[in-house]
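Here's the structure, in structure tokens; my notes come after.
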There are 2 protein chains.
Amino acid sequence: MDLGKRKQLILQAIVEDYIATAEPVGSRNIAKNHDLGLSAATIRNEMADLEEMGYLDKPHTSAGRVPSQLGYRFYVDSLMRRYSATVEEIENLNSALHQRYVNLSSVVSVVSDIISKITKCPTVMTLPTVASAKVVNVKMLMIEENLALIVVVLDGGSVRNKKVKVSGKITYREIDAISDFLNSQLAGLGAKDIDESRIMLIYGAMGQYKDFLKVVLDFVLECLQNNITEVYVGGASNILNHPEFCDIDRARDFLRFIDNRENATKVLALTTGGDSDVKIIIGDEAGLEEMRDTSIVLANYHAGGILSGKIGVIGPTRMDYARIVSSLETINAQLETILTAVFYNEE
Amino acid sequence: MDLGKRKQLILQAIVEDYIATAEPVGSRNIAKNHDLGLSAATIRNEMADLEEMGYLDKPHTSAGRVPSQLGYRFYVDSLMRRYSATVEEIENLNSALHQRYVNLSSVVSVVSDIISKITKCPTVMTLPTVASAKVVNVKMLMIEENLALIVVVLDGGSVRNKKVKVSGKITYREIDAISDFLNSQLAGLGAKDIDESRIMLIYGAMGQYKDFLKVVLDFVLECLQNNITEVYVGGASNILNHPEFCDIDRARDFLRFIDNRENATKVLALTTGGDSDVKIIIGDEAGLEEMRDTSIVLANYHAGGILSGKIGVIGPTRMDYARIVSSLETINAQLETILTAVFYNEE
DNA sequence: TGTTAGCACTCACCTCGCCCGAGTGCTAAC
DNA sequence: GTTAGCACTCGGGCGAGGTGAGTGCTAACA
């Protein structure tokens, strides 16, 4: 069942030609364009074998061959040549990335747009989440009669706030005291540390504000367990660049699918382990009906050991895997710097 | 140059039939489907007149007529019958709108998705902005050695924050003092009120922190003049529902256009005065090359007298104006309640 | 004078048949 | 095992012919 060297070379040639031209590739063209030292007829025989083994498909009798899902899988796992971005490409990328970012959301939306531009494919990207967050600072202040603002600062630097109605009367002075006390109790703690006994201790010390404190504590916990995996979809219309989506119905099905936040999230949830590795999911490996004819190149990004998120590039199964993997790796390297800078200085 | 009653009826019939069927409409069909008491031949004569006057176009000799941009304009201004949403429609809408919103962004993204679903058209929508904001509260706190957090609360309730590096040493106690002083100086003021003399006064009192104060003041002013008109685009793929976009190139051009944040902003910037009125922009009235064959129904939304924003529904010039105007009005009425609730209780 | 019936004409669109070319599979020779 | 040759397949492009919806014009009618 394992492929001989020659079959591998031929499969590689077919996959690469097909990725480049989007046309079924025939034996004659391979003989001509690749220096395999074989005649078209020989290649034809090998192709017939490869088809029988499931690595190639035939759209119809008199067309050339097309890689099957299995063919792509083998190519990606064993045959794909790493593509190294040229100096020029890297410089273009860097200059596109070099701009003023207002906050993390803007980094994500700008970066996903850039990726989709260079890959000519739709890109999905999550906002970075903070791993195992801890409270750095909790502060409450009255901003109106009966309306308090809770500000929670987490390590890694994200800041969240929430307005809370205060039912009883709490004075400005009181809220300062509560705020300082709560801060002394919570600073440095993670979600796990804020357990029943800790909460009881807080209630015990400031029983008269229990209702209010409960709201605050709930919010703090929410911030710590925060899994807002908000998803951005960049350049969805790029899917129309690919000839496999020139059929309007197919294009619509795909766009409808990816426009939906939940679906975009599902796509990004496809990473298993693999950690910082780039993962490639081909066709129905995704287990999503609507992605049957598309592939996804997924990568995790990290920054400062605290932030992490996911990027996915979606294209037809015929997408240029080598180039897209390379683009994602190049971006990932830059992203660490950008995110760290934005995260610590601004937001 | 003004149209007689009969010509108006015929124009109306043509526009409505064309909106419903997307096919050029012929004299015979009008005679049959509309009870005008006229023969096809008479209608034909009137149609020839209407064409000469510029209200109708003819795709080719042997097709029916199609409304021209002028025709749509006249229809929208003078002939369009108000469509009243049915009780069922309103109930469906309300139940779709009835959900838990995390914050204003989520309202905007959910609502724009709902609108695009019921109108079957792409929808663009701005985040609400606060009119003539005033400072309610300014607070600074040290969250790390050399890192301060500025929190600005504006009336209407929006809260923004920014982290600032502090170069010199500022103690926790000092920052409290600066914070209280600045708050006493700025509370209740709008952008106009924070003028040169006010700033000088602040610097005068706290000269040793001038560098730091400058950063804070700049940020406060930025918040007050805040024009973050962030734009959401909902249901862009809906454009593919319309037969005029079954051509893949046209679809791509449009999607590429609207996927771009700047362009979406341009579209929403088309409102002139008109205030709470719904405004309809037809074809090249927008002055945007890419919108030559599309129309936009624009509406302003308001909440609590403080928040306001814009919604736009984009479709082919053949879009169902009456229905879309009605949908927008119905949504607008609900939006006031939702936004007010979300704004004052959460975020 | 306005309205209508009749008729010739136009033109997009569909279908059918045709040919072309790229590609295959098989066979026989090297 | 490799290769040349050849018959066969089949999608795609092209042009001819038919169809039908719609128009414009003319002449008759109220």
Side-chain angles (χ1 to χ4, degrees), chain A residues 3-11 13-18 20-68 71 243-244 246-248, chain B residues 3-11 13-18 20-68 71 243-244 246-248:
Chain A
L3 296 178
K5 189 71 194 156
R6 197 167 72 179
K7 281 197 173 56
Q8 293 192 19
L9 283 173
I10 291 174
L11 179 56
I14 293 174
V15 173
E16 286 174 358
D17 279 14
Y18 186 60
T21 65
E23 307 263 298
V25 348
S27 52
R28 209 156 184 289
N29 277 316
I30 297 186
K32 233 188 300 176
N33 303 334
H34 299 260
D35 236 1
L36 301 180
L38 296 170
S39 75
T42 310
I43 293 173
R44 215 140 55 218
N45 289 329
E46 298 286 33
M47 283 164 80
D49 290 351
L50 283 166
E51 188 187 343
E52 211 172 328
M53 296 164 86
Y55 293 99
L56 295 178
D57 282 338
K58 203 169 20 172
H60 58 264
T61 332
S62 73
R65 299 304 209 295
V66 156
S68 67
E244 25 276 283
C246 73
D247 175 52
I248 202 85
Chain B
L3 296 177
K5 188 72 194 156
R6 197 166 72 179
K7 282 197 174 54
Q8 293 192 18
L9 283 172
I10 291 174
L11 179 56
I14 292 174
V15 173
E16 287 174 358
D17 278 15
Y18 186 60
T21 65
E23 307 264 297
V25 349
S27 52
R28 208 155 182 289
N29 277 315
I30 296 186
K32 233 189 299 175
N33 303 333
H34 299 260
D35 235 2
L36 301 179
L38 295 171
S39 76
T42 309
I43 293 172
R44 216 140 55 219
N45 288 329
E46 298 285 34
M47 282 164 82
D49 290 352
L50 283 165
E51 187 186 345
E52 210 172 330
M53 298 164 86
Y55 292 99
L56 295 178
D57 282 337
K58 200 164 30 170
H60 59 265
T61 332
S62 73
R65 300 303 209 294
V66 156
S68 67
E244 25 277 282
C246 74
D247 175 53
I248 202 87

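- Between Leu56(A) atom CG and dG23(C) atom C1' there is a gap of 14 Å when expressed in whole angstrom units.
- In this structure a side-chain-to-backbone donor-acceptor pair under 3.5 Å is present from Ser68(B) to Gly54(B).
- Residues Met47(A) and Leu56(A) come closest through the heavy atom pair O-CD1, 4.0 Å.
- Nucleotide dT24(C) holds its P atom 10 Å from the CD atom of Glu51(A), rounded to whole Å.
- Between Lys58(B) and dA21(D), a side-chain N or O to OP1/OP2 separation shorter than 4.0 Å is absent.
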Reading DNA chain C 5' to 3', what string of ( ), [ ], | and . shows its pairs, if Watson-Crick and G-U wobble pairs count only when both distances fall under 3.5 Å?
||||||||||||||||||||||||||||||
Treat primed atoms plus P, OP1 and OP2 as sugar-phosphate and everything else as base, then score nucleotides 3-17 of chain C 5' to 3': B for base contact with protein heavy atoms under 4.0 Å, S for sugar-phosphate contact only, - for none.
SBBB---BBS-----
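- Contact of the His34(B) side chain with the Asp17(B) side chain is registered, since non-hydrogen atoms from C-beta on lie closer than 4.5 Å.
- Distance CD1 (Ile14(B)) to P (dA21(D)): 18 Å, rounded to an integer number of Å.
- For the residue pair Ala31(B) and Ala40(B), the shortest heavy atom distance occurs at CB-N, 3.9 Å.
- Each of Glu51(A), Glu52(A), Glu46(A) was compared with Lys7(A) under the salt bridge (Lys or Arg N to Asp or Glu O under 4.0 Å) criterion, and only Glu46(A) meets it.
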Assess the residue pair Asn45(A) and Asp49(A) against the criterion (side-chain contact (heavy atoms from CB on, under 4.5 Å)); give the C-alpha distance rounded to whole Å, side-chain angles, the decisive distance to 0.1 Å, and a yes or no.
CA-CA 6 Å; Asn45(A) 289 329; Asp49(A) 290 351; 5.7 Å; no
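- In this structure, the CD atom of Glu23(A) is 12 Å from the P atom of dA22(C), given to the nearest Å.
- Separating the CD1 atom of Ile30(A) from the P atom of dG23(C) is a distance of 10 Å, rounded to the nearest angstrom.
- Atom CG in Asp49(A) sits about 13 Å away from atom C1' in dG25(C), given to the nearest Å.
- Between Arg6(A) and Leu38(A) the shortest side-chain heavy-atom distance falls below 4.5 Å.
- Going from atom OG1 of Thr42(A) over to atom CD1 of Ile30(A) covers 12.0 Å, rounded to the nearest 0.5 Å.
- Atom pair Glu52(B):CD and dG24(D):C1' shows a separation of 13 Å (rounding to whole Å applied).
- Taking atom NZ of Lys32(A) as the reference point, atom C1' of dG23(C) lies 12 Å away to the nearest angstrom.
- For the pair Arg65(A)/Leu50(A), no side-chain contact is recorded, criterion being any heavy-atom separation below 4.5 Å from C-beta on.
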